[in-house]
J.: 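Shown below is the structure under consideration.
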Amino acid sequence: MAFAPVRVIVVGGGTAGWMTAAALAGLTGSACSVDLIESEEIGIIGVGEATLPHLRAFLERLGIDERAFMHATDATYKLGIEFRDFGRVGDRYIHPFGTFGQPLNDVAFHHYYARLAHAGGVPPIGAFSAGVTAAEACRFEQPGNDPNDPTTSFGYAYQFDATRFAPFLRAWSEARGVTRTPGRIVSVERGLGERIGAVRLADGTRIEGDLFVDCSGFRSLLLGGELEEAWEDWSHWLPCDRAVAMPCESPPGPIEPFTRAVAMPAGWRWRIPLRHRIGNGYVYSSSHLDDGDATEALLAALEGAPLAEPRFLRFRAGRRRRSWVGNVVAVGLASGFLEPLESTSIYLVQAAITALIEHFPNRRIAAVDRDGFNATIDAEYDRIRDFLILHYHATTRDDTAFWRHVRTMAVPPSLDDKISLWRQTAQVAKYTQGLFLEPSWVAVLLGQGVLPHGWDQRADLPNAGGLTRAFGGLSQAIAARVAAMPLHDADLLRA
């Protein structure tokens with residue numbers, strides 16, 4: 001039985017709106033028509049964007065050329081995130097996109113590392129990651145094809161100008177049949193129950209749809225505003241609720257292929273190196289710092305002349321109880337917000353788009369599609385929430401009221417269980433749905449000084465001297481391979 005195309009109305013442009021429109025136009029065939037409503041009066045929230053490797057898969061799936069994307073958005077490569085001063089003041093580590101070492105006898109590398117670390121003399125675990133080693137050397141090349149080769153096996157993402165990404169996707173989408181309607185929504189017509197029938201613009205235009213995708217940002221115009229879907233507040237675990245952002249001129253020297261997060265007295269500061277500038281921002285708790293002092297701290301940290309006035313953002317950590325209600329699906333900030341400590345904003349947009357396509361309805365939306373979508377999105381937010389809290393809670397800092405609070409606060413039971421499991425056995429709780437798998441947890445836990453008391457007993461079997469020599473040989477092989485890579489700047493010249 002053939003169904004008429006679903007009339008999809010995307011409310012809002014920006015990154016979330018145009019990623020949604022592009023995916024629906026490029027991946028659903030004739031299953032839907034797409035009309036995007038975008039107001040020129042509402043600017044793009046993006047202040048410079050750091051991403052995860054999943055965006056590469058998104059672009060590849062749509063057939064978008066990587067070099068064309070990078071040129072259009074002034075993108076650089078990203079091998080991971082460097083964290084400074086999180087565990088203790090003076091500490092630093094990189095959370096890479098990729099694994100550490102390689103398993104031995106079906107036992108993960110970090111169990112052997114934990115054994116040697118207790119004996120002392122082993123270098124930081126980043127020495128056994130090609131991604132970390134390349135990032136620290138400011139080198140880059142496309143990763144190898146052999147996932148079992150630890151000298152070439154790593155992932156990468158992008159750092160790009162967020163204000164250029166949406167226009168790039170708009171041109172791509174409109175060429176594939178997406179209709180853009182400029183205007184501001186002033187009223188919403190309700191259908192039966194929790195359904196939306198149509199929206200009306202300021203100029204009187206009335207637009208009907210079967211499925212409305214709310215990409216209206218923090219306003220959550222349809223899901224939060226019209227349908228009044230409840231908000232689940234997580235600010236007691238993630239108290240940062242403000243950010244001040246300001247780009248600056250790039251300093252002399254190489255462009256780093258990584259994003260930096262520096263712990264500050266009342267939160268943390270980001271640094272995102274693009275080709276033409278550096279993106280900077282201070283994410284902080286307004287209960288511990290006022291806007292003026294945050295701005296002064298950010299200005300003092302700039303490495304070049306400011307290129308714009310300070311821009312302030314206000315937010316709350318949390319999510320809507322349901323992200324798909326009736327015939328309204330929220331994507332991006334309209335669904336929830338988690339601070340960009342691990343560059344998850346675009347990933348959450350992409351996860352919602354993927355789940356929507358997997359549960360894409362006909363004109364009669366089934367409850368099973370909504371329920372499946374909501375369960376997927378809930379898992380994504382919950383897992384990322386726990387991982388972000390870990391960065392704050394796994395610290396020994398007590399130098400400011402903010403750090404004393406996050407160090408001693410009660411955390412979600414799901415995170416408490418993960419930390420306890422790690423401390424006792426060096427195991428990372430496994431799950432199949434959600435972001436941040438074993439290597440990510442290992443990177444942050446070890447990077448912030450949480451060394452497990454025990455490990456897999458099989459890691460005790462190799463001779464200690466032989467294991468130490470094998471570790472040394474591995475780190476040397478990775479260092480030699482990275483030394484042969486071109487500099488990051490040189491590779492960018494080809495993009």
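Bear in mind that the values here come from a model prediction, so they are computed numbers and not experimental data. Throughout, numbering of the chain's residues begins at 1 and tracks the sequence.
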J.: I'd like to know if Glu136 and Arg92 make a salt bridge, using a cut-off of under 4.0 Å between side-chain N and carboxylate O.
T.: yes
J.: Mind telling me whether Phe165 and Phe69 have parallel, tilted or perpendicular rings, with 30° and 60° as the class edges?
T.: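 Perpendicular, since the angle between the ring planes exceeds 60°.
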J.: Check whether any side-chain N or O of Ser235 sits under 3.5 Å from a backbone N or O of Leu238 as a donor-acceptor pair, and report yes or no.
T.: no
J.: Is a donor on one side and an acceptor on the other found under 3.5 Å between the side chain of Trp268 and the backbone of Trp270?
T.: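 No, the answer is negative, given that no donor and acceptor are paired below the 3.5 Å cut-off.
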J.: Strictly below 4.0 Å, N to O, side chains only: are Arg320 and Glu232 in salt-bridge contact?
T.: no
J.: With Tyr93 as reference, evaluate Gln448, Glu82, Arg84 under the side chain to side chain donor-acceptor pair (under 3.5 Å) test and give the passing residue.
T.: Gln448
J.: Test Asp35 against Thr179 for side chain to side chain donor-acceptor pair (under 3.5 Å), laying out the working first.
T.: CA-CA 5 Å; Asp35 187 351; Thr179 301; 5.4 Å; no
J.: Does this structure show an ion pair linking Asp210 with Arg7, if we count only N-O contacts that are shorter than 4.0 Å?
T.: yes
J.: Report the C-alpha distance between Asp161 and Thr73 in whole Å, list the side-chain angles of each, state the deciding distance to 0.1 Å, and finish with yes or no for side chain to side chain donor-acceptor pair (under 3.5 Å).
T.: CA-CA 5 Å; Asp161 187 336; Thr73 61; over 6 Å; no
J.: Before giving the answer on salt bridge (charged side-chain N to carboxylate O under 4.0 Å, His left out), spell out for Lys430 and Glu438 the whole-Å C-alpha distance, their side-chain angles and the decisive distance to 0.1 Å.
T.: CA-CA 7 Å; Lys430 292 180 171 57; Glu438 183 177 86; 3.5 Å; yes
J.: Give the ring-plane orientation class for Trp403 versus Phe86, where under 30° counts as parallel, over 60° as perpendicular and anything between as tilted.
T.: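 The rings of Trp403 and Phe86 stand perpendicular, inter-plane angle above 60°.
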J.: Answer with yes or no whether the side chains of Ser323 and Asn374 bring together a donor and an acceptor at under 3.5 Å.
T.: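 No, because no side-chain N or O of Asn374 sits under 3.5 Å from a partner of the opposite role on Ser323.
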J.: Using side-chain heavy atoms (C-beta onward) and a distance below 4.5 Å, is Ser343 in contact with Thr51?
T.: no
J.: Evaluate salt bridge (charged side-chain N to carboxylate O under 4.0 Å, His left out) for Glu229 paired with Arg321, printing each intermediate quantity in order.
T.: CA-CA 7 Å; Glu229 180 61 18; Arg321 292 287 174 84; over 6 Å; no
J.: Just checking Phe402 against Tyr284, ring centres under 6.0 Å apart?
T.: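 Centroid separation for Phe402 and Tyr284: 6.0 Å or greater.
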J.: Taking salt bridge (Lys or Arg N to Asp or Glu O under 4.0 Å) as the cut-off, I'd like each qualifying pair that reaches into residues 292-308, sequence neighbours left out, listed once.
T.: Arg271-Glu303
J.: Hey, does Gln159 have a side-chain heavy atom less than 4.5 Å from the side chain of Thr259?
T.: yes
J.: Counting C-beta onward and ignoring hydrogens, is there a side-chain heavy-atom pair between Thr295 and Tyr282 closer than 4.5 Å?
T.: no
J.: Look only at the side chain of His488 and the backbone of Ile255, and say whether a donor-acceptor pair between them is shorter than 3.5 Å.
T.: yes
J.: Between Val406 and His393, is there a side-chain heavy-atom distance shorter than 4.5 Å?
T.: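 Result no, sub-4.5 Å side-chain heavy-atom pair not found.
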J.: Given 3.5 Å as the limit, does a donor-acceptor pair link the side chain of Arg370 with the main chain of Val325, or not?
T.: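 Flag not set: sc Arg370 to bb Val325 has no pair under 3.5 Å.
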J.: Run the salt-bridge test on Glu189 and Arg200 with the 4.0 Å N-O cut-off and return the result as yes or no.
T.: yes
J.: Is Arg176 close enough and on-axis enough to Trp172, meaning under 6.0 Å and within 45°, for cation-pi?
T.: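 So Arg176 does make the cation-pi contact.
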J.: Just by modelled atom types, is the Ile278 backbone N or O under 3.5 Å from a matching donor or acceptor in the Asn280 side chain?
T.: yes
J.: Does a salt bridge link Asp65 with Arg67, judged by any charged N lying under 4.0 Å from a carboxylate O?
T.: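 Looking at Arg67 together with Asp65, the answer is no, because their closest N to O distance does not fall below 4.0 Å.
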J.: Would you say that Phe212 contacts Val329 through its side chain, given a criterion of any heavy-atom pair below 4.5 Å between the two side chains?
T.: no
J.: Is there side-chain contact between Leu435 and Glu342, with at least one heavy-atom pair below 4.5 Å?
T.: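 No - every pair of side-chain heavy atoms lies 4.5 Å or more apart.
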J.: Does the Thr395 side chain pair with the main chain of Gly87, one donor and one acceptor, at a distance under 3.5 Å?
T.: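 Answer holds: yes.
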J.: Can you confirm whether Glu380 sits close enough to Tyr347 that some side-chain heavy atom of one is under 4.5 Å from a side-chain heavy atom of the other?
T.: yes
J.: If I take atom CG from residue Asn327 and atom CZ from residue Arg364, how far apart are they, to the nearest 0.5 angstrom?
T.: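 Asn327 CG to Arg364 CZ: 14.0 Å, rounded to 0.5 Å.
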J.: Is the shortest side-chain heavy-atom distance between Pro239 and His405 below 4.5 Å?
T.: yes
J.: Could you check whether Arg164 pairs with Asp74 (Lys NZ or Arg NE/NH1/NH2 to Asp/Glu carboxylate O, under 4.0 Å)?
T.: yes
J.: Look up atom CZ in Phe160 and atom OH in Tyr77, then write down how far apart they are to the nearest 0.5 Å.
T.: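 It comes to 14.5 Å.
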J.: Under the 3.5 angstrom rule, does the side chain of Arg170 hit a backbone N or O of Ser173 as a donor-acceptor pair?
T.: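 Not at all, since once roles are kept as given, no pair shorter than 3.5 Å links the two residues.
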J.: With side-chain contact (heavy atoms from CB on, under 4.5 Å) as the criterion, how do Arg190 and Arg195 come out once you've worked through the C-alpha distance, each side chain's angles and the decisive distance to 0.1 Å?
T.: CA-CA 6 Å; Arg190 295 289 292 271; Arg195 292 180 62 86; over 6 Å; no
J.: Under the ring-ring contact (aromatic ring centres under 6.0 Å, His included) rule, collect the residues that match up with Phe387, sequence neighbours excluded.
T.: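 Testing Phe387 for ring-ring contact (aromatic ring centres under 6.0 Å, His included), a comparison that skips the adjacent residues, returns His95, His391, Phe436, Trp441.
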J.: Centroid separation under 6.0 Å, is that true for the rings of Tyr156 and Phe140?
T.: yes
J.: State which residues pass side-chain hydrogen bond (donor to acceptor under 3.5 Å, both in side chains) with Glu249; sequence neighbours excluded, sorted by chain then number.
T.: none
